[in-house]
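Here's the structure we're looking at; comments come further down.
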Amino acid sequence: MTQANSLMEIRMLIKTIVNCSALLTLLLLPACGGGATTRQSSEEIKLTDRVTTLMGGSPHAKAVTQTGKATAFRIKQDPKQDYEEVIISEGAALTPEQRAALVELLARDDAYEWEIAKGCEPMPGVLITFEDGATYARLRICFECKMLGFTPGSWEDFDPVYNDLVKWAKDVFPDDAVIQGL
């Protein structure tokens, strides 16, 4: 074997090692906490036009799906005061996992019964506020009617994901007897 051939083989070996190292870095980076995150970014969350409209339009949908501040409250509406909502619990900041689980449900087009209109007057018991800088969205959930509504935005039936939303609410409000009784 000539010295030139040996040198060429060494260069090819080094190139292979460098390529393998780069590939391993790309594969292992997410597992080590770098690069990709476990939660989808808002760019990866694809909303249908119907879901975007339900959430109050694009800027408000982004407030819901981005990683800004999200706070959960227990509320009731007082029929004696024109159904004005009254906050009955201190706000609880959602954990990243709680927020991701909620956004995953809300982003699904098949989470809603688009063609059905209930004759129910929603009396929401849960309020979620989403803030992303100056943009906000408010989500009210009525577990009795199985309806949720966004402000700005509109109301829609969520029967297909009712059990999932109940499980989520029980996690967020572990000490609330009404929520735990759902």
For residues [X] and [Y]: do they belong to one hydrophobic cluster (side chain heavy atoms under 4.5 Å, members Ile, Leu, Val, Met, Phe, Trp, Tyr)?
X	Y	result
Trp155	Phe143	no
Ile75	Val178	no
Val161	Trp114	yes
Val166	Leu94	yes

[X], [atom1] atom: more than 12 neighbouring heavy atoms under 6.0 Å:
X	atom1	value
Gln180	CD	yes
Glu104	CD	no
Asp110	CG	yes

Heavy-atom donor-acceptor pair, Lys170 side chain to Leu182 backbone, under 3.5 Å: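 Side chain of Lys170 to backbone of Leu182, a donor-acceptor pair under 3.5 Å: yes, one is there.
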If only atom types and distance count, is the side chain of Tyr112 paired as donor or acceptor with the main-chain N or O of Leu106 below 3.5 Å?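 At least one qualifying donor-acceptor pair exists.
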Provide the closest heavy-atom pair for [X] versus [Y] in the form atom of the first, atom of the second, distance.
X	Y	result
Phe158	Leu148	CD2-N, 3.6 Å
Ala63	Asp132	CA-CB, 3.9 Å
Ile128	Ala72	CD1-CB, 3.5 Å
Cys145	Pro122	SG-CA, 4.0 Å
Pro160	Ala111	CD-O, 3.4 Å

Criterion salt bridge (Lys or Arg N to Asp or Glu O under 4.0 Å) on Arg50 and Asp109, from CA distance to verdict: CA-CA 7 Å; Arg50 294 192 293 193; Asp109 189 77; 2.5 Å; yes
How many angstroms lie between [atom1] in [X] and [atom2] in [Y], if you round to the nearest 0.5 Å?
X	Y	atom1	atom2	value
Lys118	Lys146	NZ	NZ	6.5 Å
Asp159	Met147	CG	CE	9.5 Å
Ile179	Arg74	CD1	CZ	4.5 Å
Lys69	Thr129	NZ	OG1	6.5 Å
Gln66	Arg99	CD	CZ	8.5 Å
Leu105	Asp164	CG	CG	5.0 Å

Please determine which of Thr52, Val51, Thr53 meets the side chain to side chain contact (heavy atoms under 4.5 Å, CB included) test together with Met55.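 Of the listed residues Thr52, Val51, Thr53, the side chain to side chain contact (heavy atoms under 4.5 Å, CB included) partner of Met55 is Val51.
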Leu102 and Phe130: CA distance, side-chain angles, deciding distance, side-chain contact (heavy atoms from CB on, under 4.5 Å) verdict: CA-CA 12 Å; Leu102 179 61; Phe130 299 93; 3.8 Å; yes
Evaluate side-chain contact (heavy atoms from CB on, under 4.5 Å) for Leu47 paired with Thr65, printing each intermediate quantity in order. CA-CA 9 Å; Leu47 302 177; Thr65 59; 4.1 Å; yes
Those residues that, when tested against Phe173, pass ring-ring contact (aromatic ring centres under 6.0 Å, His included) (two or more places apart):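 ring-ring contact (aromatic ring centres under 6.0 Å, His included) list for Phe173, sorted by chain: empty.
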